[in-house]
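Atoms within a ligand are numbered from 1 in the order they appear, just like the ligands themselves. These values consider heavy atoms only, across backbone and side chains, with no hydrogens, waters or symmetry-generated copies.
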Amino acid sequence: MANHHQVKAKKKLGQHFLTDESIAKDIADSLSLEGYQHVLEIGPGMGVLTKYLLKKPIKTHVIEIDSESVDYLKANYLNLADRIYEKDFLKFDLTEIFNDDPFAIIGNFPYNISTQIVFKTIDMRDQIPEFSGMFQKEVAQRICSKEGSKVYGILSVLTQAFYNAEYLFTVPPHVFNPPPKVDSGVLRLKRKDNFTLSCDEQLFFRVVKTAFQQRRKTLRNSLKTFNLSDNLKANVIFDKRPEQLSVESFLELTLLIENDQT
Ligand code: SAH
């Protein structure tokens, strides 16, 4: 099936086509289908995952930057034709497709823009109750990791402030054409029931990013730019390094800083 297309996979677009049907089905089946009637697949390529999504009682939309893949999809998935968007996911305003409706995101993602995909999802969390798909394994693990892990960082804390993150399974390189150099990992994010933070959200983002920019320092040192009062800085939480703080502790820390500054 379309082997001529596969060998022309474009490296800069992160094209690694999945060739294992049962893995494609497992990824599609990772969606709970609860709380939304639309799903957006990022980077469908030749539709290996799309065809399993189309069997579900939900409206599938796909966004694909590569015109050759889009032509292939239009020719082979006739019932999808008016829901294929030839766009860059990172630049496209998704409310043009969904207005205010909730939608899930899924994909065997282009790995070169993995973290940007997650950050855009976090930005649009009000409309995205569920997210699942494949990243390079290291990124999938990082998103799901807990405090104390050496891969725990900005991506873990910001994602898990709003979503429960589950690492589902690992996928080896040989089931892709061309095979990537790294293992892949499939994860699922389910938005928390209460995903409104108890603290100032913008301040929370700034605290987390600033703390991890100097991850070996104590918070007392890394958060100097916040001009904290001596009284607050005496709190033992500032003896810690960012990787020691759970998501909950980061939220509490933000609240402390917020109250210190007002
Ligand atoms: N889902 C397919 C293809 C995965 S490869 C499969 O599993 O076989 C990643 C796909 O993402 C490629 O088709 C690539 O063209 C597409 N892509 C890369 N950057 C993109 C972007 N910014 N927006 C939308 N699609 C993108």
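The shortest N or O to N or O distance between Gln15 and ligand 1 is below 3.5 Å. Looking at Asp66 next to ligand 1, no N or O pair under 3.5 Å apart turns up. Taking only nitrogen or oxygen atoms, main chain and side chain alike, Pro110 does not reach within less than 3.5 Å of ligand 1. On a distance-only criterion, Leu18 and ligand 1 share at least one N/O pair closer than 3.5 Å.
What sits closest to atom 1 (N) of ligand 1 on the protein, heavy atoms only, is Gly43 O, 2.8 Å. Remark: minimum distance from atom 2 (C) of ligand 1 to any protein heavy atom is reached at Pro44 O, 3.3 Å. Here the protein heavy atom with the shortest distance to atom 22 (N) of ligand 1 is Asp88 OD1, 2.8 Å. Protein heavy atom at the shortest distance from atom 9 (C) of ligand 1 is Gly14 O, 3.6 Å. Protein heavy atom at the shortest distance from atom 18 (C) of ligand 1 is Leu13 O, 3.1 Å.
Side chain of Thr254 to backbone of Cys199: no donor-acceptor contact under 3.5 angstrom is found. Under a 3.5 Å cut-off, the side chain of Arg206 and the backbone N or O of Leu203 do not form any donor-acceptor pair. Using modelled atom types, no side-chain atom of Glu41 and backbone atom of Thr60 make a donor-acceptor pair closer than 3.5 Å. For Asn112 (side chain) and Lys12 (main-chain N/O), a donor-acceptor pair under 3.5 Å exists by modelled atom type. Side chain of Arg220 to backbone of Lys233: a donor-acceptor contact under 3.5 angstrom is found.
The residue from Leu90, Ile65, Ile113 that puts a heavy atom closest to atom 25 (N) of ligand 1 is Ile65. For atom 16 (C) of ligand 1, the candidate residues are Glu64, Met46, Lys12; the nearest heavy-atom contact is made by Glu64.
Taking the six-membered ring for Trp and the full ring otherwise, Phe109 and Phe131 have centroids separated by under 6.0 Å. Ring to ring, Phe135 and Tyr167 are not that close: their centroids are 6.0 angstrom or more apart.
If you number the atoms of ligand 1 from 1 as listed, the ones under 4.0 Å from a heavy atom of His16 come out as 4 (C), 5 (S). Taking a cut-off of under 4.0 Å to the non-hydrogen atoms of Phe17, the atoms of ligand 1 that pass are 3 (C), 8 (O). Near Glu41, the atoms of ligand 1 lying under 4.0 angstrom from a non-hydrogen atom of the residue are 1 (N). Proximity to Phe89 (heavy-atom distance under 4.0 Å) selects the following atoms of ligand 1: 21 (C), 22 (N), 23 (N), 24 (C). Of all atoms in ligand 1, numbered sequentially from 1 with element shown, those under 4.0 Å from a heavy atom of Val48 are 6 (C), 7 (O), 8 (O). Of all atoms in ligand 1, numbered sequentially from 1 with element shown, those under 4.0 Å from a heavy atom of Asn108 are 1 (N), 4 (C), 6 (C), 7 (O), 9 (C).
Heavy atoms of Ile63 found under 4.0 angstrom from ligand 1 belong exclusively to the backbone. When non-hydrogen atoms are compared, ligand 1 lies under 4.0 Å from neither the backbone nor the side chain of Ala24.
By the 6.0 Å contact criterion, CG on Asn231 is open, its count of non-hydrogen atoms from other residues, nucleotides or ligands being 12 or less. In this structure, Gln37 places its CD atom where only 12 or fewer heavy-atom neighbours from other residues, nucleotides or ligands lie under 6.0 Å away.
Ile106 approaches Ile27 most closely through the heavy-atom pair CD1-O, 3.6 Å.
Contact analysis puts Lys87 in contact with ligand 1, with a non-hydrogen atom separation below 4.0 angstrom.
Ring planes of His61 and Phe98: perpendicular class, angle over 60° (limits at 30 and 60°).
In this structure, the side chains of Tyr163 and Arg125 come closer than 4.5 Å at one or more pairs of heavy atoms.
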